Amino acid sequence: MATSPKKSPYSHRHLLGIEGLSVQEISYLLEKSDEYVGQNRRADKKNDTLHGRTIINLFFEDSTRTRTSFELAGKRLSADVINMSVGSSSVNKGETLIDTASTLNAMHPDVLVVRAGLSGAVQLLAEKVNCAVINAGDGSHEHPTQALLDALTIQRRRGKLQGLKIAICGDILHSRVARSNIYLLVTMGAQVRLVAPMTLLPSGAENWGVEVFHDMKAGLKNCDIVMMLRLQNERMQGNYFPSIREYFHFFGLDYEKLSVAKPDALIMHPGPANRGVEIDSEVADDYSRSVIREQVEMGVAVRMACLDILSHNLQREMQEAAK
Ligand code: ASP
C-alpha cells in the first residue's frame, strides 16, 4: 500500500498492557480512538485504512463482546479478519499455545489479537511471532483495550481524567480489568479508590498509588465514577465470601450505596454483569447514570485505533528493515 507511515507517539510493536505506558502514549491512543467514534456513528462505517492487512483473533478463553468488538473494528478498517475459536483449534489436540501462534505466524498475519487464560501467556506468545500482538485479556493480569475504552468513556463524559475520584469495586484480586484500569488511571492523575473485601484484594494493593476501602459507603463517598467488577468465579479456588446474598448486601451496587457518591456519578461495568450479585439490575439499567452501553460503543473505536496504530508501526518497522 502507498501509505507512508510517520512515527507515532506510540512506537511499540505490541500492546500487551498499560503498565509502563507514558501519559503521552495513553493520550495518543485515546485521541486516535476518539477520532473513530464519529466514523462508527455514520451510515457508512468503513474506510480502507487496513485494506490488504490480515488480523487473526485467537481466543483461548470465552468471549463475546471483546471478540466481536475486535472483529468489527478490523472489518470497519477493511482488514481481512479471521476468528480462531479454541474449540476448533489444534490446542484441543495437544498443540501448545506457542505452536498455534507460530503456525499462524507462518501465514503472515499483521496483527494477532490474543486472549489467554494464563497471566503472561500473551507476552510469551508475542516474543515468538513477527507480527503485532494485542493482548485481549491474559488471566488476571491485563486487559489494556478495556482500560482504554473505560478511559475514553469517562473522558468524553467528563472532559478529563485528572483529579476525578474513581472507585473500582469488587473482585480486584482476579480482575485484569482492574489492573489495567489502575495503571491507566493512576498514570493519568485520577484519584483511584479500590473497594473490596479483604479476601478479594491483592496483597500490596495499597502501594499502587490508590486508596483502599473495605466499606462501599466509605469508598463511594463523593466519587465521580463508580466502576463495578464481575465476580470472577471461574478464577476462584476456595471461598472468598460467605454467600452471594451477603456479598450483594455488603458490596453489591444499589441505589442506597450509590446515594453517597456525587449526584451525577457515572456507573460503569466491563460486562458481562452478574445482576443481583455485584450490581442491582435497576441500577445497571438506569441509563441516566449507567454508561455500560457507551463502554461497549467506545470499545470498537479503541480497537480500531489500536489496530490502525500497530499495523502502521509494523509497516514502518518493515520499511526500515528493508532499507
Ligand atoms: N470482559 C472482561 C474480561 O474479559 C470482564 C469480565 O469478564 O469480568 O476481563
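In this chain, residues are counted from 1 in sequence order. Note that this is a predicted model, so its numbers are computed, not measured.
- A donor-acceptor contact shorter than 3.5 Å links the side chain of R115 to the backbone of A136.
- At least one donor-acceptor pair under 3.5 Å links the side chain of Q295 to the backbone N or O of H269.
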Can you check side-chain contact (heavy atoms from CB on, under 4.5 Å) on R289 and V283, steps first, answer last? CA-CA 8 Å; R289 316 282 301 269; V283 175; over 6 Å; no
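- For the side chain to side chain contact (heavy atoms under 4.5 Å, CB included) criterion with I182, the lone passing option out of I168, V177, I166 is I168.
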Would you sort out whether M268 and I154 count as a side-chain contact (heavy atoms from CB on, under 4.5 Å), showing the intermediate values? CA-CA 9 Å; M268 304 180 77; I154 299 170; 3.7 Å; yes
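- Between the side chain of R176 and the backbone N or O of H143 there is no donor-acceptor pair closer than 3.5 Å.
- Minimum interatomic distance between G219 and A167 (heavy atoms only, all atoms of both residues): O-CB, 4.0 Å.
- Atom CZ of R13 has more than 12 neighbouring heavy atoms from other residues, nucleotides or ligands inside a 6.0 Å radius.
- When all heavy atoms of I55 and A79 are compared, the closest pair comes out as CD1-CB, 3.6 Å.
- Across all their heavy atoms, A284 and I292 have their closest contact at O-CD1, 4.0 Å.
- Scanning for ring pair (Phe, Tyr, Trp, His ring centres under 6.0 Å) contacts around F241 gives Y247, with sequence neighbours left out.
- When the shell of 6.0 Å around CG of D215 is examined, it contains more than 12 heavy atoms from other residues, nucleotides or ligands.
- Note that the OG atom of S175 and the CZ atom of R230 stand 8.5 Å from one another [nearest 0.5 Å].
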Go through R67 and D62 one step at a time and tell me if the side-chain contact (heavy atoms from CB on, under 4.5 Å) criterion holds. CA-CA 9 Å; R67 197 194 47 70; D62 283 349; over 6 Å; no
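- A side-chain donor-acceptor contact under 3.5 Å links K257 to the backbone of G252.
- When side chains are defined from C-beta on, P202 counts as touching I172, because their heavy atoms get closer than 4.5 Å.
- The nearest pair of heavy atoms linking C131 to V111 is CB-N, 4.4 Å.
- Looking only at side-chain heavy atoms (C-beta outward), M228 and V195 stay at 4.5 Å or farther from each other.
- The cluster map of Ile, Leu, Val, Met, Phe, Trp and Tyr, joined by side-chain heavy atoms under 4.5 Å apart, puts L266 and M216 in different clusters.
- A distance of 5.5 Å separates SG of C306 from CG of L148, quoted to the nearest 0.5 Å.
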Set out, in order, the CA-CA distance, both residues' side-chain angles and the distance that settles side-chain contact (heavy atoms from CB on, under 4.5 Å) for L200 and L229, then state yes or no. CA-CA 11 Å; L200 291 176; L229 299 171; over 6 Å; no
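- To the nearest 0.5 Å, atoms CG (L185) and CE (M227) are separated by 5.5 Å.
- Counting non-hydrogen atoms of other residues, nucleotides and ligands closer than 6.0 Å to CD of E206 gives a total above 12.
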Passes salt bridge (charged side-chain N to carboxylate O under 4.0 Å, His left out), E211 versus K221? Steps please. CA-CA 12 Å; E211 275 184 277; K221 197 153 193 283; over 6 Å; no
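- Hydrophobic cluster membership is shared by L310 and L72, with clusters built from Ile, Leu, Val, Met, Phe, Trp and Tyr side chains linked at under 4.5 angstrom.
- The side-chain heavy atoms of L231 and M236, taken from C-beta on, include a pair separated by under 4.5 Å.
- Between N40 and R76, some side-chain heavy-atom pair lies under the 4.5 Å cut-off.
- Between the side chain of N313 and the main chain of H12, a donor-acceptor pair closer than 3.5 Å is present.
- Residues F213 and L220 are not in side-chain contact: their nearest non-hydrogen atoms beyond the backbone lie 4.5 Å or more apart.
- Hydrophobic clustering, with ILVMFWY side chains joined whenever heavy atoms are under 4.5 angstrom apart, groups L124 together with V122.
- Listed by chain and number, the residues in a side-chain hydrogen bond (donor to acceptor under 3.5 Å, both in side chains) with S33 amount to none (sequence neighbours excluded).
- Side chain of Q191 to backbone of L164: no donor-acceptor contact under 3.5 angstrom is found.
- Across all their heavy atoms, G209 and V186 have their closest contact at O-CG2, 3.9 Å.
- Judged purely by atom type and a 3.5 angstrom limit, Q39 has no side-chain atom pairing as donor or acceptor with the backbone of E35.
- Taking CZ of F59 as the reference point, atom OG1 of T66 lies at 6.0 Å (rounded to 0.5 Å).
- Counting heavy atoms from C-beta outward, L21 and Y183 have side chains that stay 4.5 Å or more apart.
- Between A196 and H214, the shortest heavy-atom distance links the atoms O-ND1, 2.8 Å.
- Between atom CG of residue L125 and atom CZ of residue F60 there is a gap of 6.5 Å, rounded to the nearest 0.5 Å.
- When atom types are taken as modelled, the side chain of S78 and the backbone of N47 share a donor-acceptor pair closer than 3.5 angstrom.
- Within 6.0 Å of the CG atom in N239, the count of heavy atoms belonging to other residues, nucleotides or ligands does not exceed 12.
- Judged by distance alone, with hydrogens and angles left aside, the side-chain atoms of R179 form a donor-acceptor pair with the main-chain N or O of L173 at under 3.5 Å.
- Taking hydrophobic clusters as Ile, Leu, Val, Met, Phe, Trp and Tyr residues chained together by side-chain heavy-atom distances below 4.5 Å, I225 does not share a cluster with Y287.
- A single hydrophobic cluster is seen to contain both Y255 and F251, as judged by linkage of ILVMFWY side chains at heavy-atom distances under 4.5 Å, directly or through other members.
- For the 3.5 Å distance criterion, the side chains of R235 and S140 fail to qualify, holding no donor opposite an acceptor.
- A 4.5 Å side-chain heavy-atom check between H108 and T54 finds every atom pair outside the cut-off.
- In terms of the ring pair (Phe, Tyr, Trp, His ring centres under 6.0 Å) criterion, residue partners of Y240 (sequence neighbours excluded) are, by chain and number, H174.
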Decide yes or no on salt bridge (charged side-chain N to carboxylate O under 4.0 Å, His left out) for R293 and E297, but give the supporting numbers first. CA-CA 6 Å; R293 291 188 306 196; E297 180 190 1; over 6 Å; no
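- Checked by atom type and distance alone, the side chain of D308 never pairs as donor or acceptor with a backbone atom of M304 at under 3.5 Å.
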Given E294 and R157, is the salt bridge (charged side-chain N to carboxylate O under 4.0 Å, His left out) satisfied, shown in steps? CA-CA 10 Å; E294 253 166 78; R157 283 289 193 130; 2.7 Å; yes
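- Among pairs with a residue in residues 116-133, those fulfilling side chain to side chain donor-acceptor pair (under 3.5 Å) read N105-N130, Q123-E127, at least two apart in sequence or across chains.
- Listed by chain and residue number, nothing satisfies the ring pair (Phe, Tyr, Trp, His ring centres under 6.0 Å) test with F70 (two or more places apart in sequence, or in another chain).
- For N135, the side-chain hydrogen bond (donor to acceptor under 3.5 Å, both in side chains) criterion is met by D138, not counting sequence neighbours.
- To the nearest 0.5 angstrom, R53 atom CZ is 8.0 Å from L314 atom CG.
- A 4.5 Å side-chain heavy-atom check between I18 and T187 finds every atom pair outside the cut-off.
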